[in-house]
Structures are given as structure tokens and as C-alpha cells.
Amino acid sequence: MCAGVFVSFTNCVSQNNSENTQPNIIVIMADDLGYSDLGCYGGEIHTPTLDKMAEEGIRFPNTYNAGMCVISRSALITGTWWPRAGYGAQNGENIAEKLKKVGYRTGLVGKWHLDGKPNNKGFDYFFGFLGGFSSYTRGGKDYRVNDKKFEDFGDDYYSTDAFSEHAVQFVKSSKEPNQQPFFLYLSYQSPHNPLQASKEDIIKYRGSYIKGWQSIRELRIKKQKQIGIIKGNVPLPEYPMNLPKWDSLTAAQKDLEDLRMSVYAAMVERMDVGIGKLMDALKATGQDDNTLIVFLSDNGTDSFSVMDSVLLKRGLLPGDEGSNYQLGTGWAYASVSPLRLYKISQHAGGVKTGAIVRWPNGIAKPNSIKTEQLNLVDFMPSFMELAQNRPVSRNQNLAGQSFIPLLKEQAWQRHAPMFFQFMDNRAVRTDKWTLVEVDGNGWELYNIEKDPFETNNIAEKHKNKVAELEALWLNWWKIESGEDAYQPESTSTSPHYKAQGDRGSGEQYIPSAMPERLKGKYAID
């Protein structure tokens, strides 16, 4: 369907000889995917491709993003903390521009959501949309094939499939000897709102979630303990104060919530199917062994549901074309298991992602789990080390450090704290401590060696440590942002976000109910 609009890269043949060992590099970024949604991270959603990728690679369960789409992508593409990169990566040279200088051809497929246009930002090829989200079936006015508008949205168009197909074509165009190595940024929109999928895919899951978010979270945590994602008898977060218990819901509320999660699961599975096609293309073209693939999410699950009442008045349900449902707090709670809080929060549920790295030629011990703390800012130095076959100098204004030694079973330790901020949410993390704030409610302190899931706030007991880490964070903010002081923007005034604190400050989640007139549309068998 979409291959006809793919642009040939025959003019990009490298001058390098066939002995060039630079690996191809693929970053696959899901959008608003929860920490535990994949099977290999404890989930029940059918994700055989990504599960196999984990078996053949390494899981990094302590990988951190920035908690929100734009700032995560800014950090990823520049290798710097987002206040320095600018909101949308306006500042500095990005990874595509740097890799082009050392012989790579570059492609972006999917969501951009950054400043400018990809073809002016180092990408040889672009297919996707420029903004933050779009209809999965109808597309939008900001779709492009390179600099040309794309409007070929036929009756069978589904953006996840289209992105997968374009990624496959990009890989297939690299199969000839002496071609340049490639960098592909496959930036899926899935499972970001609008929650849309085919009825056939939705029905496969319908009824699977009628047991409720509490039950799903418990099942995921049980599996995570078996896998080794959760180690030892560590404390787990208490039930959120702003989320009703599943048993308190009416049958109509449970019905609509089951549908909501069924659509989400269908979207994740469809993405996994597309990634499977990409993996098949790598194998078919003989590029599989020397391709480094990183999979992760740009932030935690979307806990909001701001359009429900409007959509129900229009007769639209989750899954419908023209609808714009979000996942909501209940299923976000299950999706981020065993963590606390969600997208935009700088607690672990907002900023921790279940990452996978696969590289047959470069991973010494496949099917392993490494617990070191990684961050999006580490990707740039890691990729450049591989591209240049030498470590990246620390004086290049990059915030992170290469994690390539971990792939080789070599010693590695983070050399600096990690810093986080979005609106009135912020944090600083060291190897032992997390200092974090949600909704501007003041600092919380956690000893993550004993309490990795941020359950026991010990700020009152360790005021000196709070002061020390706060000074560290404020110094970082002033240096990186160029501002003299920190002035947070409250989520309470935003039409998109609400206070989401789970211990009394967060807005109460009130699940919508399935209207009687619509309950037959996706009926549970």
C-alpha cells in the first residue's frame, strides 16, 4: 500500500569498502507505552516479536526517559538534558547530523514532534507526521514524505502498519554490498491516543480485562517476580488514593473500561506485528547480525481521559474512527506495574521504561537482565562510539555516557546523577537516592537501594540529604536552562493535564459508563 511512495537511496552509496564494520542502528520508540505492557516485562499483551528480541538481547529495566513526549525526544536526539536542548531540540547538533558525518545514511519513520522538519535536521528520508499525534486511520495535514505532503489515506490505512512498511522498505534499500550503514529512528505513535484499532483486533481482547486493573496489576507483578524484574522482598506501592476500586464500579463502567484497555492492547500487538516484519527484512537482507536495535518508550502511560464525556455524547467509543480516547488512570495504574504514577510525572511510573537492546554481533550474553541505570542522554555517546570505533570524549557537551561496555560484559558505572523536570514535576536520581516532587507538593525522598519503587517517603527523617540533593538539582537547572530561578508551571491550569498525585493531591478518576445504546458495537461474547 505504502511502498510506492518510498524514495530510493541509490544516490547514497558509501565510499566505504565491504569490510566496514560500522553497525546499522535502529531506535524503535513506542509512544506512551507502559513499563509492564510487553510480555517480557510482565504483561499479558501478545508481543512475541519483542519478547524474542529480549531473549536474543538484553533487558534494561532501569532505563529512564524524561516523562513526556517532546522532552524525551529532545534528550534522545541531542544527547543533552532537555532544558539545554530546548523544548523540541532547537539547539545543537543531533544524532542524525552527527552520524551522517561518519558515513551513515539516516531515516525517520513515524512521529517527529520536534522543532523544524526532519529533512532539515539530518534525516535523508522521512515518512510520517510532524506534530504530536494524528488519527490512525485518517492521517492528518502534517503528514509528509520528505518535504512533500502525503494524502494517500485509503480505506485500509492504519498508521502503525504504514510506519512498519516504510521502515521495512528503508531496510531493504540497504541490502547491496558497499552500501552505507544506516541509522533508522522508527518512531511509532502507538499506543498514544487516540485509542484506535481494527474491530477484529479489538475483539480478540474483549472481555480479557473485565477482571479489572487491580487484578491485572497483581498478575503482572507476579510474572515480574518470576522473570527477575522485581527482586527480593521489596515493598510495593499502596493503592492510589485517587483511583476507585474495581469492585465499586457499575457493570456499565466495567464494560467501557474493558473496551478501553482492549483497544490499547490491540494497538500494542499491532505494533509488535510490524516490528516482526522489520526483523524479517533484516534477516532477508543479511543485515540482522550487525544491526543494533534499541526499543523503549518515550514516557509512562497516559493517565488522563479528558474527552470521554464529549465523545460519548457523539456516540463514539474507544476504537472508533474519529474518537480520541485516552487510557485513563485505572489502566495506567496496571500498565506501569509495579511503579508509581504516570506520564508527565517524574516518579518512576512516568520516567522509567522497559528497554530492550539487541545486537547479535555485539552482545556477549544474550537473554540477560542488567539493572544499571541508563538514560536517553546515553544513546548519543553510545551510538557515536560504535560509529567511530572509539569512545566519545567527555568534552563534547553530552550529558550521558556510552553503555556499550555493558553489552560486552565489561564494568560500567554511572558517573553523574540523572535530572528530571516537566511543569511542576521534577527529580534527581543517584545510585542510592531519589528526590522527587509531583504537582508542586514538595520534595519526597526515597532510598532506592532499599525502596526501589518509591513507597516510603523519608524526607522528614533526612532533611540534610534533601537539602544536599535540592541544591544539586537547582544548580543543574540554572546551568542547563540558563534561568536564575526555578518557576514551575502548574498542571492545574492545563486543559491536557491534571494533578495526578496518588496520595491525596491527585484529581479523582471517575470511570465513564458504557451507554446502553452503544453496548452492542464491541459486545463481549
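The structure displayed is predicted, hence computed values, not measured ones. Along the sequence shown, residues carry numbers from 1.
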side-chain contact (heavy atoms from CB on, under 4.5 Å) between R144 and F150, worked out: CA-CA 5 Å; R144 300 288 185 274; F150 176 81; 5.8 Å; no
So Y41 and I356, side-chain contact (heavy atoms from CB on, under 4.5 Å) or not? Walk me through it. CA-CA 10 Å; Y41 272 93; I356 304 169; 4.3 Å; yes
So Q373 and M418, side-chain contact (heavy atoms from CB on, under 4.5 Å) or not? Walk me through it. CA-CA 9 Å; Q373 293 186 129; M418 296 183 293; 3.7 Å; yes
As a quick check of understanding, evaluate side-chain hydrogen bond (donor to acceptor under 3.5 Å, both in side chains) for Y188 and S164, giving each step before the final call. CA-CA 9 Å; Y188 284 107; S164 300; 2.7 Å; yes
Under the side-chain contact (heavy atoms from CB on, under 4.5 Å) rule, what do V27 and F183 come out as? Steps first, then yes or no, please. CA-CA 8 Å; V27 174; F183 169 64; 4.0 Å; yes
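With hydrogens and angles left out, the side-chain atoms of T301 and S335 include a donor and acceptor closer than 3.5 Å. In summary, the side chains of D289 and N361 do not present any donor paired with an acceptor at a separation below 3.5 Å, with no hydrogens or angles considered. In this structure, a donor-acceptor pair under 3.5 Å is absent between the side chains of S382 and D378. When only modelled atom types and interatomic distance are considered, D32 and N299 share a side-chain donor-acceptor pair under 3.5 Å. In this model, a donor atom of one side chain and an acceptor atom of the other lie less than 3.5 Å apart for S36 and R220. Side chains of T371 and N62: a donor-acceptor N/O pair is absent below 3.5 angstrom, by distance only. Side-chain contact annotation: Y209 with E44, donor-acceptor N/O pair under 3.5 Å present. D298 and N65 share no side-chain donor-acceptor pair at under 3.5 Å. Side-chain atoms of E55 and N367 include no donor-acceptor pair closer than 3.5 Å. Neither side chain, T78 nor R73, offers a donor N or O lying under 3.5 Å from an acceptor on the other.
Note on ring orientation: taking the six-membered ring where Trp is involved, the planes of Y157 and F153 are perpendicular (angle over 60°, cut-offs 30° and 60°).
To the nearest 0.5 Å, atom NZ of residue K223 and atom SG of residue C40 are 8.0 Å apart. Atoms CD1 and CZ, on I369 and F60 in that order, are 11.0 Å from each other to the nearest 0.5 Å. D152 CG to Y143 OH: the interatomic distance, rounded to the nearest 0.5 Å, is 11.5 Å.
Exactly one of R429, R340, K352 qualifies for a salt bridge (Lys or Arg N to Asp or Glu O under 4.0 Å) with E454. That residue is R429.
The side-chain heavy atoms of S74 and L114, taken from C-beta on, include a pair separated by under 4.5 Å. Residues F163 and H166 have side chains not in contact (no heavy-atom distance under 4.5 Å, counting atoms from C-beta outward). Using a 4.5 Å cut-off on side-chain heavy atoms (C-beta onward), Y264 and L33 make contact. Counting heavy atoms from C-beta outward, W81 and F420 have side chains that stay 4.5 Å or more apart. Using a 4.5 Å heavy-atom threshold, the side chains of M53 and L50 count as touching. Between Q413 and E372 there is no side-chain heavy-atom pair separated by less than 4.5 Å.
Both cation-pi conditions hold for R105 and F170: the charged atom is under 6.0 angstrom from the six-membered ring centre and inside a 45 degree cone around its axis.
Ring centroids of W213 and Y333 are separated by 6.0 Å or more, keeping the two rings apart.
The stretch residues 339-373 participates, sequence neighbours left out, in no ring pair (Phe, Tyr, Trp, His ring centres under 6.0 Å) pair at all.
Taking each heavy atom of L108 and W112 in turn, the nearest pair found is CD2-CE3, 3.2 Å. C69 and H113 make their closest contact through CB-ND1, 3.7 Å (heavy atoms, listed as atom of the first residue, atom of the second, distance).
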